[in-house]
Structures are given as structure tokens and as C-alpha cells.
Amino acid sequence: MSLPQFKLLRLRTVEDAVSALARHAGVGARATRIVAGGTDLIPSMQQKLFEPEYVLDVRHIAELKGIRETAEGVEIGALTSLTAIEQSPLLRRHYLVLTEAAGTVASPVLRNMGTIGGNICLDTRCLWYNQSLTWRKGCGFCIKKDGDLCHVAPGGTKCWAVFSADTPPALLCLDAEVEIASASGTRRIPLADFYTGEGDDYRKLHPDELLTRVFVPRSSANYRAVYRKLRVRGSIDYPLAAVAVALKRVNGHIADAHLAITAVNPAPMLVKGVSELLSGKALDESLADAAGDLAAKTARPLTTSALTPEYRREMIRVFTKRAVLAAADVQ
Ligand SMILES: Cc1cc2nc3c(=O)[nH]c(=O)nc-3n(C[C@H](O)[C@H](O)[C@H](O)COP(=O)(O)OP(=O)(O)OC[C@H]3O[C@@H](n4cnc5c(N)ncnc54)[C@H](O)[C@@H]3O)c2cc1C
Ligand code: SF4
């Protein structure tokens with residue numbers, strides 16, 4: 001499959017990148033696209049899901065690469081590769097849930113190319129959307145691109161395409177924030193506020209904005225952590241349901257717990273009420289079951305992906321129970 005025609009702008013500083021975005025942001029299908037590792041953008045352009053007039057290559061912006069310890073915690077440049085995150089001794093020591101999740105993305109080659117910024121900004125996915133132009137045309141297109149109906153939930157007006165990146169649920173468990181830059185300055189927001197929950201317009205990022213950094217606070221360091229992921233091919237595949245757990249144990253009791261899920265909703269979701277459920281208690285099977293029930297209630301899988309919604313929701317329940325027990329060392 002060939003790429004559509006576009007003009008490539010190669011930038012070397014954030015300042016140049018945001019001023020190029022201000023000049024060429026564009027709108028709709030022709031809006032400018034940022035390319036970082038390109039592991040998702042390029043295949044999507046080949047399928048004509050994006051047909052931008054300009055592509056902004058930010059791969060050479062050195063100031064956005066690397067992991068740095070700060071007084072507040074850790075700062076990760078948006079262009080840091082997933083391999084660098086997976087292998088970082090600092091992150092492995094203090095933020096294990098993130099390195100575990102990063103280590104499950106795609107394959108080693110794709111993790112060398114793929115960036116944390118690209119993973120956070122990853123487009124939502126659907127069986128009716130991630131297809132060639134000819135295939136989508138044969139089905140009459142859909143709301144997410146070129147059409148006005150949804151094949152997954154016919155009759156509705158909402159797109160349910162599923163958010164399928166691995167690191168965001170880990171980052172949600174760590175209370176991470178993201179920095180977003182534009183020509184008018186920078187803003188910093190909790191990652192939890194970055195996603196909209198809509199499958200088509202899934203992130204709060206204006207066409208003239210660049211995600212520049214991720215911040216993980218010191219208060220989230222040293223939690224026990226587990227990441228569990230369901231996928232068809234263990235060696236290289238998007239999650240079809242996945243669970244990130246980070247918890248703190250003091251004197252055999254849970255002191256704090258965070259649980260997030262991905263690949264079962266149009267956004268990665270923090271499961272509410274988990275800390276209240278587990279805190280102050282010694283974890284046992286029935287508490288872990290209750291955490292699994294909470295997670296399964298938060299999951300709203302539909303027929304967007306290879307496995308059935310019922311199975312994916314059930315696996316959220318099962319993985320949550322196992323992950324919570326493993327993180328608390330009860331097994
Ligand atoms: C076979 C295969 C398997 C895969 N398996 C997985 C998997 O298991 N788990 C998973 O999470 N992903 C998977 N992916 C998707 C992808 O490889 C990763 O999500 C990767 O982290 C994307 O990062 P990237 O830098 O390559 O993003 P790109 O492809 O460069 O960009 C992805 C999107 O983010 C936007 N973007 C990138 N950087 C920025 C920025 N700094 N600011 C604003 N917007 C930005 C781009 O415009 C684009 O919309 C898979 C891909 C393939 C081809
Ligand atoms: S959920 Fe519906 S509108 Fe969204 S991509 Fe799938 S078929 Fe299209």
C-alpha cells in the first residue's frame with residue numbers, strides 16, 4: 001500500500017516544531033500529523049486513515065529524549081523510546097508498572113522505534129476502521145472516517161473504537177501528568193484528563209499542539225506493580241484487554257492501591273473505588289475477587305476487536321484478581 005502525497009517538515013527544536021504547527025495545523029482529514037517513531041502513523045497513512053497535507057517529523061528533537069530524575073519525581077521526554085523506558089534502571093527500581101507495560105508493547109524492533117509520546121497519543125482501533133481504503137469503502141465507511149454510521153453499535157451516533165496502548169494505564173496508576181506545547185506556551189494536565197472517552201475524537205490535543213513531556217511524581221514511587229495483558233500473538237500484538245496494578249503494602253496490609261485498564265473502552269480507565277476497597281486490609285482471595293468485579297464493571301468492551309466482548313470483560317476480571325494477588329505477594 002502506498003503512502004498518500006504529503007509535505008515533510010523536519011524540525012530539530014520544540015520552538016521550531018510548535019511554530020510550524022501554528023502555521024500549518026490544518027483541519028479535518030488534511031490536518032498536519034506529527035510523526036515520532038512512525039510505527040502507527042505510517043501504517044495508518046498507508047491505509048489512508050490520515051491524508052495530511054503536512055507531516056511534521058519530530059524525531060530529531062534531542063531535548064525531548066531521555067529520562068531525568070527531578071526534585072518532583074521523574075521527567076520523561078515524549079520522544080524517549082519504549083526500549084529506553086523498559087530498560088531504564090531508574091524506572092525499573094521505582095516505577096515498575098511502567099517498565100512492565102512498556103516491555104509488552106509490540107515487538108523489540110517496534111519498541112526501539114516507538115516512543116512514549118506516540119504510545120500516549122495512539123489512535124483508537126476498530127475492526128471496521130484499521131482496514132484498507134478498498135475494504136472500508138466496501139462497507140460504506142463509518143463515523144470515525146468518511147461515513148456516518150457505526151457498524152459496532154448501529155443506530156447510535158457515537159464511535160466506540162477502542163484505546164489500545166499499553167503504557168497509559170500504567171501511567172494512570174502512577175498519577176502521571178503530561179506537558180503539551182504550542183506556539184502560545186505550555187500547559188500541564190493529569191494524564192487522566194487527556195482522554196475524552198470518544199472513539200473518534202479520543203484525546204484533548206489541538207491540531208497545533210505537541211506532547212512534550214511526561215511527569216511521574218515521587219509520591220508514586222516504589223509501589224509493588226504488575227501488568228497483565230491479553231493478546232492473540234504473545235510475541236507482537238496490541239492488547240485486547242489489559243490491567244495495570246500498583247499497590248503499597250505496610251505490615252501485611254494494603255496502604256494504597258491503583259488499578260487501571262486498557263483495550264476495553266475508548267480511553268484507558270482508572271478503576272474507581274479500588275483504594276477504598278483494599279486499603280487497611282490484608283489481601284485475600286475474596287478481596288481480590290471484589291477488585292476484579294470493580295474492574296469488570298468499568299470495562300465496556302464491544303465488538304471492535306478480535307475476541308468477543310464477553311471474553312475480554314471476563315479476562316479483565318481474571319487478570320485483575322491475579323494481578324492484585326501477585327502485586328501483594330499473596331499466592
Ligand atoms: C504490529 C504492531 C503491533 C503493535 N502492538 C502494540 C502493542 O502491543 N501495544 C501498543 O501500545 N502499541 C502497539 N503498536 C502501536 C505502536 O507501535 C506503539 O503504540 C508506539 O508506541 C507508537 O509510538 P510511535 O512513536 O511509533 O508513534 P507514531 O506512529 O509516530 O504516532 C502515533 C500517533 O501519535 C501522534 N504523536 C506521536 N508523537 C506525538 C507527540 N509527541 N505529540 C503529539 N502527537 C504525537 C502521531 O501523530 C500519531 O497520531 C503496534 C504497532 C504495530 C505495527
Ligand atoms: S466503533 Fe463504529 S464508528 Fe467507531 S471505528 Fe468502529 S465501526 Fe467505525
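Note that ligands are numbered from 1 as they come in the structure, with each ligand's atoms numbered from 1 the same way.
- Using a 4.0 Å heavy-atom cutoff, S164 is listed among the residues neighbouring ligand 1.
- Qualifying ring-ring contact (aromatic ring centres under 6.0 Å, His included) partners for Y129, counting only residues two or more places apart in sequence or in other chains: none.
- For the 3.5 Å distance criterion, the side chains of S81 and N112 fail to qualify, holding no donor opposite an acceptor.
- Just one residue in the list D166, T104, T167, T262 forms a side chain to side chain donor-acceptor pair (under 3.5 Å) with Y227, and that residue is D166.
- Ring geometry for H151 versus W128: interplanar angle under 30°, hence parallel rather than tilted (30 to 60°).
- Side-chain contact check for T212 and E179: at least one donor-acceptor pair (N or O, by modelled atom type) lies under 3.5 Å.
- A heavy-atom separation below 4.0 Å is not found between P43 and ligand 1.
- Contacts with ligand 1 closer than 4.0 Å are made by no heavy atom of I116, backbone or side chain.
- With hydrogens and angles ignored, the 3.5 Å screen pairs no side-chain donor or acceptor of R59 with any backbone N or O of V35.
- When L49, V105, L205 are checked for heavy-atom proximity to atom 12 (N) of ligand 1, V105 turns out nearest.
- Remark: minimum distance from atom 37 (C) of ligand 1 to any protein heavy atom is reached at G118 CA, 3.5 Å.
- Side chain of R213 to backbone of A78: no donor-acceptor contact under 3.5 angstrom is found.
- Protein heavy atom in closest approach to atom 19 (O) of ligand 1: N119 ND2, 2.8 Å.
- Counting heavy atoms under 4.0 Å from ligand 1, residue K229 touches it through the side chain alone.
- For atom 4 (C) of ligand 1, the closest non-hydrogen atom of the protein is A106 CB, 3.4 Å.
- Taking atom 42 (N) of ligand 1 as the reference point, the nearest protein heavy-atom neighbour is L211 N, 2.9 Å.
- Here the side chain of S164 pairs a donor or acceptor atom with the backbone of V162 at under 3.5 angstrom.
- Sorted by first and then second residue, the pairs that involve residues 23-81 and meet ring-ring contact (aromatic ring centres under 6.0 Å, His included), not counting sequence neighbours, are H24-Y54.
- Not a single N or O atom of R231, backbone or side chain, sits closer than 3.5 Å to an N or O atom of ligand 1.
- Those atoms of ligand 1 with a heavy atom of L122 less than 4.0 angstrom away are 15 (C), 19 (O).
- Between D166 and ligand 1, an N or O atom pair is found at a separation short of 3.5 Å.
- Some N or O of G37 is nearer than 3.5 Å to an N or O of ligand 1, by distance alone.
- In this structure, R312 contributes its side chain and A241 its backbone to no donor-acceptor pair below 3.5 Å.
- Considering backbone and side-chain N/O of G38, one or more are found under 3.5 Å from N/O of ligand 1.
- Nearest protein neighbour of atom 1 (C) of ligand 1, counting heavy atoms only, is I236 CD1, 3.7 Å.
- Below 3.5 Å of separation, one finds an N or O of A36 facing an N or O of ligand 1.
- With respect to atom 51 (C) of ligand 1, the closest heavy atom belonging to the protein is Y238 OH, 3.1 Å.
- Protein heavy atom closest to atom 46 (C) of ligand 1, with residue, atom name and distance, is I34 O, 3.0 Å.
- The closest donor-acceptor contact from the side chain of N119 to the backbone of G114 lies at 3.5 Å or more, if one exists at all.
- Remark: side-chain polar atoms of S88 are not paired, donor with acceptor, to backbone N or O of I85 under 3.5 angstrom.
- Annotation: atom 16 (C) of ligand 1 to nearest protein heavy atom, T39 OG1, 3.2 Å.
- Around atom 8 (Fe) of ligand 2, the protein N, O or S atoms found under 2.8 Å comprise C142 SG.
- The main-chain N or O of G199 is found under 3.5 Å from a side-chain atom of K144 such that the two form a donor-acceptor pair.
- For ligand 1, the polar-atom distance check against L41 finds a nitrogen or oxygen pair separated by under 3.5 Å.
- Listed by first then second residue, pairs satisfying salt bridge (charged side-chain N to carboxylate O under 4.0 Å, His left out) with a partner in residues 285-303 read E285-K321, D289-K321, D293-R317, not counting sequence neighbours.
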